[in-house]
Amino acid sequence: MADIERMRSAAVRAVESMAGEIVDLSERILHNPEVSLQEYMAVEWLTSFLESKGFDIEKGSGGMPTAFRATYGSGSPAVAILCEYDALPGVGHGCGHNLIAAMGAGAGAAARAALDGRPGRVVVMGTPGEEAAGGKITLLERGQFQGIDAALMVHPSSRTMLFRPSLAAVSLYVTFRGKAAHAAGAPHEGINALEAIILTFTGINSLRQHLREDAKIHGIITKGGTAPNVVPDHTEAEILVRARDRAGLNEVVEKVRRCIQGAGMMTGARPSVELGPVYAERRDNPTLSSRFGRYMAELGMEPSDGAMIGGGLGSSDMGNVSQALPAIHPYVKITSGDVPGHTEEFARAAGSERAHAAILVATKAMAMTCLDLLADSSFMNRVKRDFGVGG
Ligand SMILES: [Zn+2]
Ligand SMILES: [Zn+2]
């Protein structure tokens with residue numbers, strides 16, 4: 001065990017010596033926001049940093065052009081540290097994924113420095129398109145998590161929390177096909193695809209009072225027609241449905257489908273629906289998250305129990321990872337007060353001195369947790385038992 005303690009201190013020292021580089025990665029990504037699946041610059045910066053720290057780099061892993069794998073060591077055990085780096089259209093890094101990327105790369109590099117040739121494998125995995133494309137779901141489907149024993153990631157927030165549930169979610173891409181006609185001259189000839197979308201939203205609004213509290217439905221019209229004097233013959237909407245778990249999600253999706261079908265019947269417009277990837281609800285690994293929490297507390301950032309905190313929940317493709325293998329997705333506080341995510345205010349917080357100090361703490365805690373998994377087989381076994389396998 002003394003050896004592990006030495007490794008943990010080596011990781012802390014490594015983070016301190018790389019602090020400038022870690023903050024620089026975060027700042028560069030923050031000031032050059034790239035939306036889901038377009039994160040080419042971020043991948044370039046992260047992989048060149050990791051290459052300089054002795055990792056083998058594979059870009060475009062799992063057939064995703066902006067995914068990457070940076071590997072150090074070989075065989076098992078293997079721990080993945082995940083980076084997200086996509087921004088939101090319009091609000092830049094309003095989810096602070098620049099910080100996730102910097103923490104992931106920094107923690108990987110620190111664990112590698114401390115591991116220094118001992119058995120085990122550190123895989124820093126670049127997971128693109130968290131916000132809009134469910135990148136981790138694709139990477140899972142394409143076997144990128146095979147042979148990985150556990151996965152770690154830390155998300156910035158207004159609070160430091162060990163575990164916070166997330167909702168299952170799926171997008172419905174809805175298209176209505178109607179028939180164009182002169183809106184004044186021959187409206188009776190037309191089939192109005194915009195009215196079909198409006199009725200869909202009206203139907204959904206009627207549905208809300210009969211949904212369980214955890215269910216949420218939000219949507220936008222992405223194509224509403226071309227001119228007011230032409231009956232719209234082609235309209236599109238994206239409707240995002242969320243619920244506590246995937247079973248609940250399916251029930252709500254079926255009800256939304258009925259609204260779409262009904263709107264089609266009322267107007268005569270032909271509906272079609274495509275489903276996006278299903279974001280699974282997040283599962284905790286208390287053995288793993290409490291270990292991370294212990295190191296955060298030792299470093300001066302005492303976490304609270306996010307599961308006990310009221311308020312709205314989001315969704316994340318880390319949910320799918322957490323259903324497939326032991327994984328944690330704790331949060332680190334980067335703001336002074338309560339700042340909601342997905343806002344310009346949060347994007348500003350993601351470049352603050354406070355955020356930089358906070359991510360260095362979380363980077364250390366994540367590197368130490370990673371080393372415990374790699375070098376303490378009884379801890380790894382407890383984590384696996386917690387998940388329900390082996391041990
Ligand atoms: Zn996020
Ligand atoms: Zn987000």
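Atoms within a ligand are numbered from 1 in the order they appear, just like the ligands themselves.
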Problem - Opening angle at the Zn ion (ligand 1) [NE2, His155; NE2, His97; to 10 degrees] - result: 110°
Practice task
State whether Glu130 contributes an N/O/S atom found under 2.8 Å from the Zn ion (ligand 2).
Solution key: no
Problem - Under-4.0 Å salt bridge between Arg28 and Asp24 - result: yes
Exercise for the section: Indicate whether the side chain of His155 and that of Arg164 have a donor and an acceptor atom separated by less than 3.5 Å. Expected result: no
Exercise for the section: Using a strict 4.0 Å threshold on nitrogen-to-oxygen distance, state whether Glu16 and Arg13 make a salt bridge. Expected result: no
Handout entry: No-hydrogen, no-angle side-chain donor-acceptor test under 3.5 Å, Glu238 and Thr222
Key = no
Fill in the blank from the handout: The atom name of the N, O or S atom in His342 nearest to the Zn ion (ligand 2) is NE2
Practice task
For the atoms SG of Cys95 and OE2 of Glu131, give the angle they form at the Zn ion (ligand 2), rounded to 10 degrees.
Solution key: 100°
